[in-house]
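Whatever order the structure lists them in is the order used to number ligands and atoms, beginning at 1.
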Amino acid sequence: MSANSSIEWTDATWNPIRGCTKVSPGCKHCYAQTFAERFRGVPGHPYEQGFDLRLVPEKLLDPFKWKSSRKVFVNSMSDLFQAGVSSDYIRKVVSVMVEADWHVYQVLTKRSERMRTMLADDLLFAGAKDNIWWGVSVEDKKHGLPRIEHLQASSARVKFLSVEPLLEDLGEIDLSGIHWVIVGGESGPGARALDASWVRRILRQCRRYDVPFFFKPWGGVNKGKAGRLLDGRTYDEYPAMPTIALNRDLHQTPSRTEELVRIAI
Ligand code: SF4
């Protein structure tokens, strides 16, 4: 787990899986792939195998080591629900989130159908937890809008959208049952432009549905220069934080699940 993340909407990242494959236009300039491939072939580096899919069971128990509550982006360098990850391993990752419940976990996927299916079955024990926020990526209408429907149809208690990189005007979208919307542009070489009118339209719909709105940087070749102001102000809104994450005793003892997971790996 990385204690300090530069991602604006989280505090830390946790990667019990590394690597992924591209599935839709939002993946075109995947920052995780660019980062990981820089280290392919470097002996002993965590990304010695580049962006190839790899389970990292030695990272499974990291959240238990963090005694104070944090917002944790799960698999910032991967996608938990990709086909190459077994349901059994996904269950282990989610079991840690359920037991180390003084953190808030932000699970973001482009494989929304598998997430919905598993939340109705193997992950039934976790969907209702308010310290696990389940999200889908939405970059355009064709790929993103069906993911919203899958999320809405799931049993997840806290649902969010990461509308990033936003590649076109999404039109009027149904935000029923959605608890948080993040919007941002694309950064780095070849970044595709973000139009302010597309962002304002999503903001208006968030206001209509009473959904918290978080605006990331505009993106572009120089992310820092572009900033995070939308019409003169920043938007840093979040869903309500679960009480357990706010009041947790900071001195945890290893739970039964921690011990079971430890035995299993
Ligand atoms: S799903 Fe996410 S991690 Fe995987 S290739 Fe696409 S952008 Fe990268």
Quick check: Tyr235 with Phe214 (ring centres under 6.0 Å apart)?
no
Ranked by distance from atom 1 (S) of ligand 1, the top protein heavy atom is Arg111 NH1, 3.3 Å
So is Arg38 actually on top of Tyr47's ring, under 6.0 Å and inside 45° of the axis?
no
Heavy-atom nearest neighbour in the protein, as seen from atom 5 (S) of ligand 1, with distance rounded to 0.1 Å
Thr21 O, 3.6 Å
Output yes if Cys30 passes the N/O/S-under-2.8 Å test against atom 8 (Fe) of ligand 1; output no otherwise.
yes
Residue portion contacting ligand 1 (non-hydrogen atoms closer than 4.0 Å) for Ser78:
backbone
Salt bridge check, Glu168 against Lys141: does any charged N sit closer than 4.0 Å to a carboxylate O?
no
Where is the nearest protein heavy atom to atom 6 (Fe) of ligand 1: which residue, which atom, and how far?
Cys27 SG, 2.3 Å
Taking atom types as modelled and ignoring hydrogens, do the side chains of Asn15 and Ser76 form a donor-acceptor contact shorter than 3.5 angstrom?
yes
Does Cys20 bring an N, O or S atom to within less than 2.8 Å of atom 4 (Fe) of ligand 1?
yes
Heavy-atom distances under 4.0 Å decide this one: backbone, side chain, both or neither, for Glu164 against ligand 1?
neither
Atom 2 (Fe) of ligand 1 [closest protein heavy-atom partner, distance rounded to 0.1 Å]
Lys110 NZ, 3.8 Å
With no hydrogens and no angle check, just 3.5 Å: does a side-chain donor-acceptor pair link Asp122 and Ser87?
no
Between Tyr238 and Trp180, does the ring centroid distance fall short of 6.0 Å?
yes
